[in-house]
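Each remark here refers to the structure printed beneath this line.
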Amino acid sequence: MKDQLPSVTIVRRIRATPARVWTAITQADQMMLWWGPDAGPTLDVVADVRPGGRFSVVFRLLNGEEHNPTGIYQEVMPERKLSFTWDPPGASEPISLVTFLLEPFDGGTVVTLIHGHLPNETERESHEQGWRGLLDKLPVFLGDCA
Amino acid sequence: MVKFIPSEMDRVFSALSDATRRGILQRLKTEPGLSISELARPLSVKLPNMIKHLDVLSDAGLITRTKTGRTVAVHLSAGPMREALSWLTQYESLWTTSLDRLAALVERD
């Protein structure tokens with residue numbers, strides 16, 4: 001019973017339109033302004049936002065460590081949905097998928113972020129609906145709502 | 001950030017993706033050293049199926065089995081679990097902070 005795969009899900013209500021949020025999550029110069037887990041700088045962004053396009057962010061943490069997550073854009077639905085794989089360096093296949101879902105809400109936007117672990121190749125092939133169907137079924141394993 | 005060998009992570013996550021196996025781990029947390037039949041009994045899982053589940057957990061490094069005479073005692077092995085949790089915690093913290101900053105940016109306009 002493959003009912004749950006661990007994932008991180010965060011829901012935020014943001015007081016800005018879906019169009020504004022979409023710009024912030026898809027344009028490299030805007031992504032430079034918010035990406036990263038602490039107040040350290042974002043050093044470089046590649047965002048070729050189309051299915052199959054490349055995603056890459058380089059950021060430096062306050063402790064000086066630099067990280068460079070990379071991936072490939074999967075679904076690009078302007079102002080509604082953006083997903084890209086999250087490929088660890090040296091891995092032969094992506095291990096996780098990041099998805100932004102945007103929904104209009106009272107003049108603002110509900111942003112749902114899901115960072116889900118992907119099953120390995122064998123499991124993925126056995127799943128008829130592929131990534132999209134899989135993602136739709138990913139429930140919250142660990143996450144918080146704000 | 002935590003570094004993993006992806007194939008090891010895959011095994012942990014796919015082992016954790018099953019409700020029966022998560023149930024087994026939870027029981028072992030409170031009752032370490034249960035035998036295979038003791039684990040199977042309340043779940044109404046047949047013994048061969050239970051052994052299959054235990055093989056998956058064992059391959060992922062989540063349990064250890066020790067044989068004494070004819071009884072096999074099963075113990076939780078917390079290391080890989082801790083790594084899986086730190087994977088989740090790490091990304092939770094990345095996205096929580098990034099989304100805070102994203103909100104601050106777009107709400108400023």
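Chain letters run A, B, ... following the sequence lines, proteins first and then strands; every chain starts at 1.
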Taking a hydrophobic cluster as the set of Ile, Leu, Val, Met, Phe, Trp and Tyr residues connected by side-chain heavy atoms closer than 4.5 Å, whether directly or through intermediates, do [X] and [Y] fall within one such cluster?
X	Y	value
I72(A)	F55(A)	no
V72(B)	L43(B)	yes
V11(A)	F105(A)	yes
L102(B)	W35(A)	yes
L62(A)	V57(A)	no

Straight-line distance of [X] [atom1] to [Y] [atom2], nearest 0.5 Å:
X	Y	atom1	atom2	answer
S98(B)	I25(A)	OG	CD1	12.0 Å
I10(A)	W95(B)	CD1	CH2	8.5 Å
R20(A)	R108(B)	CZ	CZ	8.5 Å
L94(B)	H67(A)	CG	NE2	9.5 Å

With a 4.5 Å limit on heavy-atom distance, are the side chains of E92(B) and T9(A) in contact?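 Sidechains of T9(A) and E92(B): no contact.
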How about W34(A) and D100(B): do any of their side-chain heavy atoms sit closer than 4.5 Å?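 Heavy-atom side-chain distance check fails, nothing below 4.5 Å.
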Considering all heavy atoms of both residues, which atom of E107(B) and which atom of R15(A) are nearest to each other, and what is their separation?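 Residues E107(B) and R15(A), closest heavy atoms: OE2-N, 2.6 Å.
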Any sub-3.5 Å donor-acceptor pair from T97(B)'s side-chain atoms to D38(A)'s backbone N or O?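 No; zero donor-acceptor contacts below 3.5 Å.
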Applying side-chain contact (heavy atoms from CB on, under 4.5 Å), run through L99(B) and F100(A) and close with a yes or a no. CA-CA 11 Å; L99(B) 291 177; F100(A) 282 87; 3.9 Å; yes
Under a 4.5 Å heavy-atom cut-off, does chain B meet the side chain of L33(A), its backbone, both or neither?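 Its backbone and side chain both get close to chain B.
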